Amino acid sequence: MQDDWLKRWDEGRIGFHRDSVHPTLMRHWPALGALPGTKVLVPMCGKSLDMRWLAEHQHPVLGIELAPLALEQFVAEGRGEVTRYQQAGFGILRQGSIELWGGDFFHFHIDQAQEIGAFYDRAALIALPVATRQRYAFHLAQLIPPGAPGLLISLTRPDDGGPPFGVEAEEVRRLFEPNFLVTHLEDAAPEANGFRESAWALVRRGPQVD
Ligand SMILES: C[S@@+](CC[C@H](N)C(=O)[O-])C[C@H]1O[C@@H](n2cnc3c(N)ncnc32)[C@H](O)[C@@H]1O
């Protein structure tokens with residue numbers, strides 16, 4: 001599966017990439033209550049412009065992406081000096097307040113996540129086959145501190161193809177409710193192909209949040 005993603009990036013088959021900031025992020029992020037200065041984890045970030053929007057809204061960003069090419073393209077299309085270094089087996093690029101960790105999200109550990117106070121998932125959960133989604137939800141919960149909010153944009157589709165895989169509301173709740181308070185925010189209008197995005201607000205449960 002990971003080789004398939006690298007191949008997609010090599011061949012430029014990145015139909016999931018948007019050339020504008022996702023309107024759902026702009027619409028719902030402000031109400032999540034993440035304070036300015038809160039670092040946002042963006043799992044499986046690709047070269048999403050949503051990271052620039054978060055940075056412009058005073059959030060340092062920590063993106064994690066398997067394909068080094070995606071990260072190189074992101075910084076090449078951005079502005080500002082780029083610093084490169086290695087840490088914990090990841091190749092990291094930093095540009096302004098955005099740090100991009102090149103490697104496998106599942107190898108990113110809590111020791112590296114200490115400053116994270118929020119997360120944003122657009123097309124990360126739905127990039128994964130059903131057998132890996134439980135692992136994803138659990139790993140995300142390990143990285144996010146109690147009380148921290150996140151925005152999830154999931155997708156349903158009329159067939160069982162993928163990626164992107166369809167993840168029904170019931171599965172979103174089953175995956176995340178053990179560790180997060182889960183609030184459904186909206187279902188977008190269906191696209192011509194029947195795909196339909198949904199937005200969810202999540203808050204990591206913990207001693208003070210239940
Ligand atoms: C559907 S794309 C979404 C990218 C981005 N979130 C966006 O909205 O444009 C999924 C991304 O996850 C990356 N990916 C897949 N498995 C990964 C893993 N285990 N660790 C890190 N990145 C991964 C792929 O290379 C791909 O760029």
Side-chain angles (χ1 to χ4, degrees), residues 1-29 40-55 59 61-78 87-93 98-110 112-113 116 118-144 150-157 161-167 175 188 191 193 195-200 202:
M1 192 74 203
Q2 298 201 348
D3 286 348
D4 291 346
W5 285 111
L6 296 175
K7 197 155 176 267
R8 270 175 178 249
W9 278 100
D10 279 345
E11 295 172 357
R13 288 186 291 113
I14 55 164
F16 52 81
H17 178 70
R18 300 172 48 91
D19 2 336
S20 58
V21 176
H22 203 302
T24 305
L25 172 65
M26 295 190 280
R27 196 159 50 247
H28 290 294
W29 187 266
V40 181
L41 174 70
V42 185
M44 309 190 189
C45 60
K47 58 170 184 172
S48 170
L49 297 177
D50 298 348
M51 294 191 283
R52 285 200 210 292
W53 185 90
L54 287 165
H59 291 295
V61 169
L62 193 161
I64 307 176
E65 167 57 48
L66 199 59
L69 186 56
L71 304 184
E72 290 297 341
Q73 289 182 4
F74 180 87
V75 295
E77 291 162 12
Q87 194 176 311
F90 287 79
I92 303 168
L93 281 71
I98 300 179
E99 55 187 286
L100 302 168
W101 290 55
D104 186 345
F105 172 68
F106 295 105
H107 294 169
F108 183 84
H109 282 298
I110 185 73
Q112 289 123 27
I116 289 168
F119 70 94
Y120 174 58
D121 170 338
R122 184 261 165 177
L125 176 71
I126 62 163
L128 300 170
V130 63
T132 317
R133 295 201 282 266
Q134 179 69 65
R135 187 178 171 213
Y136 172 82
F138 183 70
H139 191 63
L140 185 65
Q142 287 185 312
L143 301 175
I144 301 299
L151 180 64
L152 165 70
I153 304 178
S154 63
L155 177 124
T156 55
R157 57 184 287 173
F165 297 99
V167 181
L175 289 173
E191 294 167 33
N193 56 10
F195 291 12
R196 184 170 199 190
E197 283 186 335
S198 301
W200 303 82
L202 275 61

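Every number for a ligand or one of its atoms is a count from 1 in the order of the listing. Given the structure is predicted, the values throughout are model-derived calculations rather than measurements.
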Sub-4.0 Å heavy-atom contact, Pro164 with ligand 1: no

Identity and distance of the protein heavy atom lying nearest atom 9 (O) of ligand 1: Arg122 NH1, 3.4 Å

Aromatic plane relationship, Phe105 with Tyr136 - under 30° parallel, 30 to 60° tilted, over 60° perpendicular: tilted

Ile14 backbone acceptor or donor facing Arg8 side chain under 3.5 Å: no

Numbered atoms and elements of ligand 1 in range of Asp104, under 4.0 angstrom, heavy atoms: 18 (C), 19 (N), 20 (N)

Nearest-neighbour protein heavy atom for atom 27 (O) of ligand 1, which is reported as residue plus atom name and distance: Glu65 OE1, 2.8 Å

Region of Phe105 that comes within reach of ligand 1 [heavy atoms, distance under 4.0 Å]: both

Under 3.5 Å donor-acceptor, Glu65 side chain and Gly46 backbone: yes

Distance flag, aromatic centroids of Phe16 and Trp9, threshold under 6.0 Å: yes

Per-residue contact class, Lys47 against ligand 1 - non-hydrogen pairs under 4.0 Å: neither

Side-chain donor/acceptor of Arg133 to backbone N/O of Leu125, under 3.5 Å: no

Ligand 1 versus Cys45: contacting region, heavy-atom distance under 4.0 Å: backbone

Parallel, tilted or perpendicular: ring planes of His139 versus Phe106, cut at 30 and 60 degrees: tilted

Ligand 1 N/O within reach of Leu66 N/O, cut-off under 3.5 Å: yes

Test log, rule side chain to side chain contact (heavy atoms under 4.5 Å, CB included), inputs Arg18 and Leu49: CA-CA 8 Å; Arg18 300 172 48 91; Leu49 297 177; over 6 Å; no

Any Pro43 heavy atom less than 4.0 Å to ligand 1: no

Under 4.0 Å to a heavy atom of Ala123 - the qualifying atoms of ligand 1, by number: 1 (C), 2 (S), 3 (C), 10 (C)

